[in-house]
Amino acid sequence: MTILKIITHPNDILTTPAKEVTKFDSKLAQLLDDMYDTMVAADGIGLAAPQVGVSKRVAIVDLGEGQDVIEMINPVVVAIGGKEVEVEGCLSFPDIYGEVERPFYVKIEAEDRDGNLYELEAEDYEARAIQHEIDHLNGILFTSKIIRYVTPDEFMEEEEEEL
């Protein structure tokens with residue numbers, strides 16, 4: 001179990017598009033495992049490789065609730081639909097939260113840790129998390145999409161209302 005250092009804003013790696021993964025090997029598997037451990041330790045639901053200082057198109061999402069961890073290597077959005085505004089946060093922006101409009105539905109193509117291509121469709125919160133992490137891989141920060149900032153207290157209130 002290795003906990004990596006999470007890169008916080010400002011840092012150029014967060015705004016630079018990540019490089020495509022071409023080698024599917026034990027180093028990639030270790031990166032994915034370390035990213036997962038880091039995300040869990042930081043109480044996050046998603047993490048992209050640039051957030052741990054690695055310029056590779058690798059991201060993970062784990063909403064818990066008995067769902068499988070989504071590992072996305074070289075993901076591409078192939079379809080979107082609907083739209084909704086929800087509050088988001090980011091491990092690279094501690095204590096910054098804001099309302100962001102995103103598609104309600106997303107369909108992606110990505111590779112797994114062994115290089116196998118797969119498709120995934122997601123809606124609602126899962127779709128939002130996937131799009132947030134893919135944005136990281138493209139050098140796009142959620143703060144560039146915030147339509148209204150929310151205080152940490154307001155964020156916690158909204159989280160409690162959803163439970």
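Residue numbers count from 1 along this sequence.
Of all non-hydrogen atoms in Ile6 and Ser92, the two that sit nearest each other are CG2-OG, 4.2 Å. Closest heavy-atom contact between Ala49 and Leu31: CB-CD2, 4.4 Å. Smallest separation of non-hydrogen atoms from Ile96 and Thr143: CG2-CG2, 4.4 Å. A pairwise comparison of heavy atoms in Leu137 and Ala59 identifies CD1-CB, 4.1 Å as the closest pair.
Between Pro94 and Thr8, the closest side-chain pair of non-hydrogen atoms falls below 4.5 Å. Two residues are said to be in side-chain contact when any heavy atoms from C-beta on lie closer than 4.5 Å; Thr151 and Tyr149 fail this criterion. Side-chain atoms of Val87 and Glu99, non-hydrogen and from C-beta on, do get closer than 4.5 Å to each other. For the pair Ser55 and Ile13, the minimum side-chain heavy-atom distance is below 4.5 Å. Counting heavy atoms from C-beta outward, Leu120 and Ile130 have side chains that approach closer than 4.5 Å. At least one side-chain heavy atom of Cys90 sits less than 4.5 Å from a side-chain heavy atom of His136. In this structure, Met72 and Tyr118 have side chains that are in contact, with non-hydrogen atoms separated by less than 4.5 Å.
By the salt bridge (charged side-chain N to carboxylate O under 4.0 Å, His left out) test, Lys56 is found to be paired with no residue, residues two or more places apart in sequence or in another chain being considered.
Salt bridge Glu88/Arg102: present, at least one basic N to carboxylate O contact under 4.0 Å. With salt bridges taken as basic N to acidic carboxylate O contacts below 4.0 Å, none links Arg128 and Glu86.
Relative orientation of the Phe142 and Phe93 rings is perpendicular, given thresholds of 30° and 60° on the angle between their planes.
Taken to the nearest 0.5 Å, the CG atom of Leu32 stands 10.5 Å off from the CG atom of Leu47. Going from atom CG of Asp62 over to atom CD of Glu126 covers 10.0 Å, rounded to the nearest 0.5 Å. In this structure, the separation between CG on Asn74 and CD on Glu20 is 4.5 Å, given to the nearest 0.5 Å.
Under the salt bridge (Lys or Arg N to Asp or Glu O under 4.0 Å) criterion, the residue pairs touching residues 28-43 are Asp33-Arg113, with sequence neighbours excluded.
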